[in-house]
Undergrad: 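Shown below is the structure under consideration.
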Amino acid sequence: MTAGGQIVVVEPGEQRPDPRTLGLRTADAVIGAHPEQTHVSYAVTLIPGDGIGPELADATVAVLEATGIAFAWEIQQAGEATIAAEGTPLPDRVVDSIRRTGVAIKGPITTPVGSGFRSVNVALRQVLELYANVRPARSMVGVQSRYTDVDLLIVRENTEDLYAGIEHRVGPDAAESIKIITRGASQRIARYAFEYAVRNGRHKVTAVHKANIMKLTDGLFLESCQQVAAEYDGRVAFEDRIVDNMCMQLVQKPELYDVLVLPNLYGDIISDLAAGLVGGLGVAPGANIGEHAAVFEAVHGSAPKYAGQNKANPTALILSGALMLRHIGETEAADRVESAVRAVIAEGKTTTYDLGGGAGTREFAEAVAERVHPT
Ligand code: NAD
């Protein structure tokens, strides 16, 4: 239940301490000495973000708290508002908070155009070494798409490959970019994919590559995946696909695939392809996972034109919250949140404008929260 966190036992009659005052990380728990008195509280950093972010964050908190699980939210502002007040969209206190809690839920943050600020999202990824980008793509009744039975999990390596940014010009008419693939990073991402499969009842991992052409770099990625796969033999099936064939297969018969593990560039492309298979980015949740911290966020941006109007769809951030529950080991609560979102969308009575409904952000969240309550 505590996913390797520190456990604090509270004797009968003793008051349950706030995890933050104990300096606990998110996965740390405060547990009663007797099972019937068990209380678990998770410290989580909450970054409301810009534009529609704060409304979506409120909606997500309401749904997560309806699970009956206790959270100690560390609310940390970042983004446009802190540029004026603190001179940066990502103050150190935000990163310190995530380092302390180990887990963050983040609303979208506007990337200022034309100023020198780096994207907060990219900065968080780098500073916290969030090596895995994880995006589920699952068909939902009530969300228009070409398929009805897609259930994919895309696990993308986030730190190397052509995204290492090592490029240079070779004279006026040529340029080179260096592709970095290491055994360490490739095994780490493969292990994440297999562990996720084991913990969440997924049956197959497919490694995606172009090792027929890039025999050294993609060859090393594939070899690393094969080595990790051998450790899970008999528990999780393994296969590999060449990336171009993978694209065709996903368009023709996506239902044949389960968990995909990919190096950075192919992962970037195929995670959008997969989102397209299930109705687009509007309902797509995401996670960035590191050894010591994880940040959960919707794939969409801050949609400033809808800010403050109780109009935006909170589905993607709520489902990101469900991913967070899985990450901290609260699998049953995660299942409840996902089922509730799916049920409310399928019913179609309380959906937001983008799904053809007339409900607001709050009304949708209330409808989901009602179905999430423990029975
Ligand atoms: P966007 O995703 O914010 O909006 C595109 C369009 O999608 C919107 O106009 C709206 O019609 C729709 N939309 C998006 N989210 C929605 C929701 N939850 N409910 C209903 N409709 C929704 O993309 P953009 O306009 O390209 O970017 C706006 C800002 O967001 C930019 O500053 C960009 O840098 C930033 N951004 C942040 C993140 C992040 O923080 N992870 C991701 C992408 C973009």
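For reference, positions follow the sequence shown, starting with 1. First listed ligand is number 1; within each ligand, the first listed atom is number 1.
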Undergrad: Please list, in number order, the atoms of ligand 1 under 4.0 Å from a heavy atom of Thr110.
TA: 32 (O)
Undergrad: Side chains of Glu239 and Thr206 only: does a donor on one sit below 3.5 Å from an acceptor on the other?
TA: yes
Undergrad: Cut-off 3.5 Å, side chains only: do Tyr163 and Asp268 have a donor facing an acceptor?
TA: yes
Undergrad: Just to be sure I read this right, does ligand 1 sit under 4.0 Å from the backbone of Lys106, its side chain, both, or neither, counting only heavy atoms?
TA: side chain
Undergrad: For atom 9 (O) of ligand 1, what's the nearest protein heavy-atom neighbour? Residue, atom name and distance, please.
TA: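 The closest one turns out to be Lys305 CE, 3.3 Å.
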Undergrad: Between ligand 1 and Ile109, is the shortest N or O to N or O distance under 3.5 Å?
TA: yes
Undergrad: Among Arg138, Arg202, Lys204, whose salt bridge (Lys or Arg N to Asp or Glu O under 4.0 Å) with Asp258 holds?
TA: Arg202
Undergrad: Distance to 0.1 Å, residue and atom name: give those for the protein heavy atom nearest to atom 20 (C) of ligand 1.
TA: Tyr353 OH, 3.2 Å
Undergrad: Which atoms from ligand 1 have a heavy atom of Pro108 less than 4.0 Å away?
TA: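 Matching atoms, with element in brackets: 39 (C), 40 (O).
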Undergrad: Is there a donor-acceptor contact under 3.5 Å linking the side chains of Tyr131 and Glu291?
TA: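 Tyr131 vs Glu291: no donor-acceptor pair found between side chains.
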Undergrad: Among all protein heavy atoms, pick out the one at the shortest distance from atom 10 (C) of ligand 1; state its residue, atom name and that distance to 0.1 Å.
TA: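 Nearest protein contact, heavy atoms only, for atom 10 (C) of ligand 1 is Tyr306 CE1, 3.7 Å.
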Undergrad: Can you tell me if Tyr266 and Asp218 form a side-chain donor-acceptor pair at under 3.5 Å?
TA: yes
Undergrad: Tell me, which protein residue and heavy-atom name are nearest atom 31 (C) of ligand 1, and how many Å apart are they?
TA: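 For this ligand atom, the closest protein heavy atom is Thr111 N, 4.2 Å.
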Undergrad: Less than 3.5 Å between some nitrogen or oxygen of Gly301 and one of ligand 1, yes or no?
TA: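 By distance alone, the answer is yes.
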Undergrad: So, Asp354 and Lys311, do they make that salt bridge, N to O below 4.0 Å?
TA: no
Undergrad: Starting from atom 39 (C) of ligand 1, find the nearest protein heavy-atom neighbour and note its residue, name and distance.
TA: Asn121 ND2, 3.3 Å
Undergrad: Salt-bridged, Glu160 to Lys179, with N to O below 4.0 Å?
TA: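 Salt bridge: no.
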Undergrad: Under a 4.0 Å N-O cut-off, is there an ion pair linking Arg183 with Glu223?
TA: yes
Undergrad: Of all the atoms in ligand 1, which lie at a distance below 4.0 Å from a heavy atom belonging to Glu297?
TA: 41 (N)
Undergrad: Can you list the ligand 1 atoms lying under 4.0 Å from a non-hydrogen atom of Asn313?
TA: 17 (C), 18 (N), 19 (N), 20 (C)
Undergrad: Can you check whether a protein heavy atom sits less than 4.0 angstrom from atom 35 (C) of ligand 1?
TA: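 Flag for atom 35 (C) of ligand 1 set to true, protein heavy atom closer than 4.0 Å.
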Undergrad: Distance below 4.0 Å between atom 26 (O) of ligand 1 and any protein heavy atom?
TA: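 False for atom 26 (O) of ligand 1.
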Undergrad: Are any of the protein's heavy atoms under 4.0 angstrom from atom 42 (C) of ligand 1, yes or no?
TA: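 Flag for atom 42 (C) of ligand 1 set to true, protein heavy atom closer than 4.0 Å.
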Undergrad: Before accepting this row, confirm whether a basic side-chain N of the pair Glu55/Arg362 lies closer than 4.0 Å to the acidic partner's carboxylate O.
TA: no
Undergrad: Under the side chain to side chain donor-acceptor pair (under 3.5 Å) test, which residues partner Glu332, sequence neighbours left out?
TA: Arg336
Undergrad: Any idea which protein heavy atom is nearest atom 28 (C) of ligand 1, and the distance to it?
TA: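 Going atom by atom, the protein heavy atom closest to atom 28 (C) of ligand 1 ends up being Ser302 OG, 3.8 Å.
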Undergrad: Among all protein heavy atoms, pick the one closest to atom 13 (N) of ligand 1 and tell me residue, atom and distance.
TA: Ala303 CB, 4.2 Å
Undergrad: Does the pair Arg169/Glu176 count as a salt bridge with the N-to-O cut at 4.0 Å?
TA: no
Undergrad: Could you tell me whether ligand 1 has any atom less than 4.0 Å away from a heavy atom of Val299?
TA: yes
Undergrad: Heavy atoms only, cut-off 4.0 Å: how does Ile52 contact ligand 1, side chain, backbone, both, or neither?
TA: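 For Ile52, the contact with ligand 1 is made by the side chain alone.
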Undergrad: Does atom 18 (N) of ligand 1 have a protein non-hydrogen atom under 4.0 Å from it?
TA: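 True for atom 18 (N) of ligand 1.
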Undergrad: Regarding Asp272 and Arg135, does a basic nitrogen lie under 4.0 Å from an acidic carboxylate oxygen?
TA: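 Between Arg135 and Asp272 there is a salt bridge, with a charged N closer than 4.0 Å to a carboxylate O.
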